[in-house]
Amino acid sequence: MIRILVADAMSEEGLAPLLADPTIEVVQKKVSEVEGELDQFDALLVRSATKVTEQLLQKMTNLKIVGRAGVGVDNIDVDAATRYGVVVINAPNGNTISTAEHTFAMMASLVRRIPQAHISVKSREWNRSAFVGVELFGKHLGIIGFGRIGSEVAKRARAFGMHVHVYDPFLTKARAEKIGVDVCTLDELLAQADIITVHTPLTKETKGLLGPKNLAKTKKGVYLINCARGGIIDEQALIPFLENGHVAGVALDVFEQEPPGDHPLLSFDNVVVTPHLGASTVEAQVNVATQVAEEVLKFLQGKPVTSSINLPTLSKDVYEKIQAFYTLARKMGILASQYMSEPVQEIAITYSGSVADLETTFITRSLLAGFLKPRVASTVNEVNAAMIAKERGIAFSEKFSANGNDYNNTITLTVYGENKTFTMKGTHIAHYGDRIVHFNGFAIDFAPEGHLLYIQHHDKPGMIGKVGNILGAHQVNIATMQVGRQEVGGKAIMMLSLDKPLDDALVETLEQISDIDAVKKLEV
Ligand SMILES: NC(=O)c1ccc[n+]([C@@H]2O[C@H](COP(=O)([O-])OP(=O)(O)OC[C@H]3O[C@@H](n4cnc5c(N)ncnc54)[C@H](O)[C@@H]3O)[C@@H](O)[C@H]2O)c1
Ligand SMILES: O=C(O)[C@H](O)COP(=O)(O)O
């Protein structure tokens with residue numbers, strides 16, 4: 001039974017695909033309520049409230065995926081999740097419109113002083129002259145961060161007859177022209193805007209972006225809005241600008257600390273606040289919960305996910321094309337790791353023929369994961385394989401060749417160890433399966449599956465019989481046997497597929513046979 005912990009409040013309608021699956025148990029509780037059983041969950045679904053820290057990940061030893069029903073993953077230690085091999089996904093589009101609309105609601109509230117007027121009327125006052133606002137029409141709106149939400153805000157601002165100025169260092173000219181906005185520098189935006197709204201993620205670069213220096217560059221009487229992340233506008237820095245009237249008003253949906261407690265900003269009449277409500281609409285919550293539930297379900301069924309933060313994302317179409325090579329590469333990694341039972345410095349992979357045209361990042365990661373699995377104690381998978389290889393000082397490289405070396409496709413793997421170099425070549429043949437067609441310098445043809453026994457020997461009559469007799473005497477049945485040699489009477493190999501794993505004692509017996517140079521058990 002798959003167990004999923006839903007640790008923050010989420011739409012039941014959105015979770016329906018998980019709730020309806022009889023193979024899945026969904027537990028809707030806070031982390032603190034299931035402390036004793038944290039090691040039993042396969043997936044964790046959160047919004048922004050639950051902090052997915054390294055300590056929590058350490059306790060959730062069976063965790064495979066964290067799903068964030070929303071955009072921002074700043075409450076998740078993604079680096080730690082990557083190290084532990086846990087996939088992190090989010091739902092990037094589901095709450096875009098709601099947050100853009102909330103930004104507009106905040107903007108209107110700010111310039112028309114709606115919250116203040118509301119409180120006044122509720123207090124049985126009727127003071128019309130105290131709440132004179134300003135129009136949005138004709139005003140200059142500065143948008144910092146022009147991604148999904150920023151661009152939806154721009155569309156709405158144009159409908160209100162505003163002039164839109166955008167600062168986003170990662171925005172391409174072509175996209176800006178297509179949307180028809182004035183792209184400017186940060187200084188230009190600060191100097192021109194009557195209202196500034198921020199829509200960036202919280203990063204090292206954006207933390208305190210609107211701090212004392214940049215606030216001083218804004219127009220006197222500017223309005224500021226933050227519906228993105230607390231800290232992009234420096235809360236402490238705002239105070240003197242509000243006190244001296246340089247900033248006419250601020251609307252905050254997000255705070256550096258949530259909840260903000262008894263924050264000095266809350267005492268200002270012209271500071272309008274909401275408790276992180278940007279995504280809090282029925283529609284957005286159904287959208288994000290549905291997106292994340294569907295993605296988690298796909299992932300748990302072994303299908304590709306499309307919105308991963310720490311995995312390369314694959315379309316269904318690409319996934320179907322690479323799936324066979326992904327499996328072949330995994331098996332090749334496992335075989336090579338067992339054969340090269342020594343420290344390894346470098347892994348070189350060459351994709352030849354049809355596989356060279358595919359998206360190989362996943363295939364390479366699969367091979368690395370197969371190689372590293374027997375060597376590391378922790379979970380290793382496509383998420384963390386490249387990182388673990390680097391940590392262990394194992395370099396890896398990919399090369400591509402149009403020529404499939406007599407096959408439609410081949411993956412050639414060369415492993416450079418401290419004392420020896422090992423090469424293997426595999427191919428995937430449609431309707432036939434995976435084959436290893438070159439192993440350790442010998443042309444051969446075997447399926448990389450099950451209990452394999454590799455024997456290197458001298459090419460002499462009677463060798464196969466000797467091996468067969470010993471195995472037979474110990475009730476070990478040989479399912480298949482492939483042989484390869486470099487030249488008549490020279491070095492040769494046998495690759496046997498057995499019906500059961502071999503005892504180490506029997507391996508030692510086989511090693512004693514004269515003219516046998518090496519015996520290796522290989523398990524795939
Ligand atoms: N209040 C809420 O409830 C709520 C809801 C959804 C999203 N959010 C937050 O809103 C923000 C925007 O979300 P989105 O979905 O539009 O993200 P997005 O990734 O689509 O857009 C972010 C934009 O910021 C730009 N950017 C990055 N660094 C920048 C910098 N230093 N200066 C200027 N621009 C920079 C990027 O190029 C990108 O275009 C995020 O912080 C997200 O967490 C808040
Ligand atoms: O990043 C987001 O998606 C928003 O901040 C929404 O957060 P929430 O899911 O906690 O409302």
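In listed order, ligands and their atoms are each counted from 1.
In this structure, R113 forms no cation-pi arrangement with F131, as its terminal cationic atom is not both closer than 6.0 Å to the ring centre and no more than 45° off the ring axis.
Formation of a donor-acceptor pair under 3.5 Å by the K64 side chain with backbone atoms of N62 is found in this model. A donor-acceptor pair under 3.5 Å is absent between the side-chain atoms of N409 and the main chain of A356, judged by distance alone.
The side chain of V71, and not its backbone, has at least one atom closer than 4.0 Å to an atom of ligand 1 (non-hydrogen atoms only; side chain from C-beta on). With a 4.0 Å cut-off on non-hydrogen atoms, T200 touches ligand 1 through its backbone as well as its side chain.
Of all atoms in ligand 1, numbered sequentially from 1 with element shown, those under 4.0 Å from a heavy atom of P201 are 22 (C), 24 (O), 27 (C), 41 (O). Numbered from 1 in the order shown, with element, the atoms of ligand 1 that lie under 4.0 Å from a heavy atom of G145 read 24 (O), 25 (C), 34 (N). Listed by number with element, the atoms of ligand 1 under 4.0 angstrom from any heavy atom of F146 are 39 (O). Listed by number with element, the atoms of ligand 1 under 4.0 Å from a non-hydrogen atom of G72 are 43 (O).
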For this session: Run the numbers on N384 and T82 for side-chain hydrogen bond (donor to acceptor under 3.5 Å, both in side chains), then give the verdict.
Result: CA-CA 5 Å; N384 58 5; T82 306; over 6 Å; no
For this session: Show the numbers, then the answer: is there a side-chain hydrogen bond (donor to acceptor under 3.5 Å, both in side chains) between S123 and S120?
Result: CA-CA 5 Å; S123 314; S120 165; over 6 Å; no
Problem set entry | Test log, rule side-chain hydrogen bond (donor to acceptor under 3.5 Å, both in side chains), inputs D8 and T50 | CA-CA 7 Å; D8 291 326; T50 297; 2.7 Å; yes
For this session: Before giving the answer on side-chain hydrogen bond (donor to acceptor under 3.5 Å, both in side chains), spell out for H165 and Q192 the whole-Å C-alpha distance, their side-chain angles and the decisive distance to 0.1 Å.
Result: CA-CA 8 Å; H165 311 276; Q192 287 167 3; 3.1 Å; yes
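Using a 4.0 Å cut-off between charged side-chain N and carboxylate O, D317 and K321 make a salt bridge. The pair E37-R3 meets the salt-bridge criterion, with a side-chain N (NZ, NE, NH1 or NH2) lying under 4.0 Å from an Asp/Glu carboxylate O.
Distances from atom 23 (C) of ligand 1 to the heavy atoms of S280, A279, G147 put G147 nearest.
Taking the six-membered ring for Trp, F362 and Y319 have ring centres at least 6.0 Å apart.
Considering only non-hydrogen protein atoms, atom 15 (O) of ligand 1 sits nearest to R148 NE, 3.0 Å. The protein heavy atom nearest to atom 28 (N) of ligand 1 is F170 CE1, 3.4 Å. Remark: minimum distance from atom 5 (C) of ligand 1 to any protein heavy atom is reached at T99 OG1, 3.0 Å. Residue, atom and distance of the protein heavy atom nearest to atom 9 (C) of ligand 1 are A228 O, 3.6 Å. If you check which protein heavy atom lies closest to atom 30 (C) of ligand 1, you get T206 CG2, 3.6 Å. Among protein heavy atoms, atom 7 (C) of ligand 1 sits closest to I149 CD1, 3.4 Å. Shortest contact from atom 12 (C) of ligand 1 to any protein heavy atom: H199 O, 3.4 Å. Counting only heavy atoms of the protein, atom 32 (N) of ligand 1 lies nearest to P169 CD, 3.4 Å.
Here H199 contributes atom NE2 and T99 contributes atom OG1; the two are 9.0 Å apart, rounded to the nearest 0.5 Å.
A donor and an acceptor atom, one from each side chain of Y84 and E54, are located under 3.5 Å apart. Residues T364 and Y351 have side chains that bring a donor and an acceptor to within less than 3.5 angstrom of each other. Using modelled atom types, one finds no donor on one side chain facing an acceptor on the other under 3.5 Å when comparing Q291 with S307.
At a 3.5 angstrom cut-off on N or O pairs, C227 counts as close to ligand 1. Checked by distance only, ligand 1 and D253 come closer than 3.5 Å through their nitrogen or oxygen atoms.
Pocket lining of ligand 2, defined as residues with a non-hydrogen atom under 4.0 Å away: R47, S48, R68, A69, G70, V71, G72, N95, R229, H276, A279.
Within the 4.0 Å heavy-atom cutoff, D168 counts among the residues contacting ligand 1. Using a non-hydrogen distance threshold of 4.0 Å, T96 does not register as a contact of ligand 1.
With sequence neighbours excluded, the residues satisfying salt bridge (Lys or Arg N to Asp or Glu O under 4.0 Å) with K155 are E152.
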